[in-house]
Amino acid sequence: MMPVHDLLVFAGASLLLVLTPGPNMLYLISRSLCQGRAAGVISLAGVVLGFGVHMLAASLGITALFMAVPLAFEVLKWAGAAYLLWMAWQAVRPGGASPFDPTLPLPAASPRRLFAMGPFTSILNPKVAMFYLSIFPQFVSAAHGSVFWQSMTLGMVQITTSFSVNLLITLFAAHIARWFQGNPQWLRAQKWVMGTVLAGLAVRLALEQRR
């Protein structure tokens, strides 16, 4: 059985992961603003399904295999860093829109498409992938019993934490957007903060070493 202390520390790491701006957050906020809360919740269900894929990959040992193949790790690392840098530029470039901008144009999508895009966004999210590749294995120990069930337990902690926080963000995105609309100076500041955070994540990801 895993120590409670380890589970609490892992839950804290999962909380920091979900609070850091990334592709999932941008997708959920944008959909919630453009199509309403229901669309945001459907999108979130798809994102959670993507988390489940990451969890199963870690539990079945695919994560360990990926870490053991230097080329695969490097490809993921640099592709993820490039993607995060691109997102940072989209946030701060002249004319770039904030995800909290209520005038952000986004074509409407059917519920089926909303759900289908969720796993795609989540599975290809470099922030989540690197979390499972670099942080997740540090909490698994053969001394605590079945590695598979430890991985499943950690995965459920990460999914529960991410779902709870993302649900709040999805439900209250419109309120946050209205506040930003009334305070345009903070909307501009938010774009630069998000761009800086994403660029910082890209640099950190590029410097990440296999463990």
Side-chain angles (χ1 to χ4, degrees), residues 4 7-55 84 87-88 90-91 97-104 106 108-109 111-132 135-136 139 152-198 200-201:
V4 175
L7 288 175
L8 292 176
V9 172
F10 182 79
S14 299
L15 181 60
L16 290 177
L17 171 75
V18 69
L19 289 176
T20 304
N24 289 342
M25 183 184 291
L26 301 183
Y27 174 64
L28 294 173
I29 292 172
S30 299
R31 280 303 174 187
S32 183
L33 289 179
C34 293
Q35 290 187 249
R37 290 179 175 176
V41 173
I42 293 173
S43 301
L44 175 58
V47 168
V48 170
L49 179 60
F51 286 145
V53 173
H54 282 289
M55 178 183 69
L84 289 171
M87 290 186 60
Q90 292 300 307
S98 164
F100 288 106
D101 186 350
T103 63
L104 180 68
L106 194 64
R112 178 179 296 181
R113 181 169 176 78
L114 289 172
F115 180 80
M117 283 298 295
F120 180 80
T121 302
S122 186
I123 293 171
L124 298 182
N125 185 345
K127 186 179 69 169
V128 178
M130 292 309 300
F131 179 83
Y132 272 86
I135 297 178
F136 192 93
F139 290 86
M152 292 293 288
T153 300
L154 291 173
M156 290 306 300
V157 170
Q158 187 271 324
I159 290 174
T160 301
T161 302
S162 296
F163 172 78
S164 301
V165 174
N166 280 317
L167 180 61
L168 291 175
I169 291 174
T170 300
L171 294 178
F172 292 99
H175 296 283
I176 300 172
R178 280 196 294 269
W179 185 87
F180 275 122
Q181 188 176 28
N183 299 270
Q185 70 279 10
W186 286 105
L187 184 62
R188 290 190 294 271
Q190 180 270 329
K191 290 171 57 178
W192 279 97
V193 169
M194 179 167 290
T196 301
V197 170
L198 289 171
L201 286 173

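Numbers for residues simply follow the sequence, beginning at 1. Keep in mind that what you see is a predicted model, and the values were worked out from it rather than measured.
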Taking distance alone, no hydrogens or angles, what donor-acceptor pairs closer than 3.5 Å link side-chain atoms of residues 157-164 to residues at least two apart or in another chain?
{"residue": "Q158", "atom": "OE1", "partner": "Y132", "partner atom": "OH", "Å": "2.7"}
{"residue": "Q158", "atom": "NE2", "partner": "S162", "partner atom": "OG", "Å": "2.9"}
{"residue": "T160", "atom": "OG1", "partner": "M156", "partner atom": "O", "Å": "2.7"}
{"residue": "T161", "atom": "OG1", "partner": "V157", "partner atom": "O", "Å": "2.8"}
{"residue": "S162", "atom": "OG", "partner": "Q158", "partner atom": "O", "Å": "3.0"}
{"residue": "S164", "atom": "OG", "partner": "T160", "partner atom": "O", "Å": "2.8"}

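- A distance of 4.5 Å separates CG of L154 from CZ of F10, quoted to the nearest 0.5 Å.
- A 4.5 Å side-chain heavy-atom check between N125 and H54 finds every atom pair outside the cut-off.
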Working note: N24 + V128, criterion side-chain contact (heavy atoms from CB on, under 4.5 Å); need CA distance, chi angles, decisive distance, verdict. CA-CA 9 Å; N24 289 342; V128 178; 4.0 Å; yes
Please list, one pair per line, the donor and acceptor atoms closer than 3.5 Å that link side chains of residues 37-44 to other protein atoms, with sequence neighbours excluded.
{"residue": "R37", "atom": "NE", "partner": "L171", "partner atom": "O", "Å": "2.8"}
{"residue": "R37", "atom": "NH2", "partner": "L171", "partner atom": "O", "Å": "3.2"}
{"residue": "R37", "atom": "NH2", "partner": "H175", "partner atom": "NE2", "Å": "3.1"}
{"residue": "S43", "atom": "OG", "partner": "Y27", "partner atom": "OH", "Å": "3.4"}
{"residue": "S43", "atom": "OG", "partner": "A39", "partner atom": "O", "Å": "2.9"}

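- Annotation for M25 and V18: closest pair CE-O, 3.4 Å, computed over non-hydrogen atoms.
- Side-chain contact between I169 and L28 is absent, with no heavy-atom pair separated by less than 4.5 Å.
- With sequence neighbours left out, V53 forms a side chain to side chain contact (heavy atoms under 4.5 Å, CB included) with I123.
- The nearest pair of heavy atoms linking G50 to S122 is C-OG, 3.6 Å.
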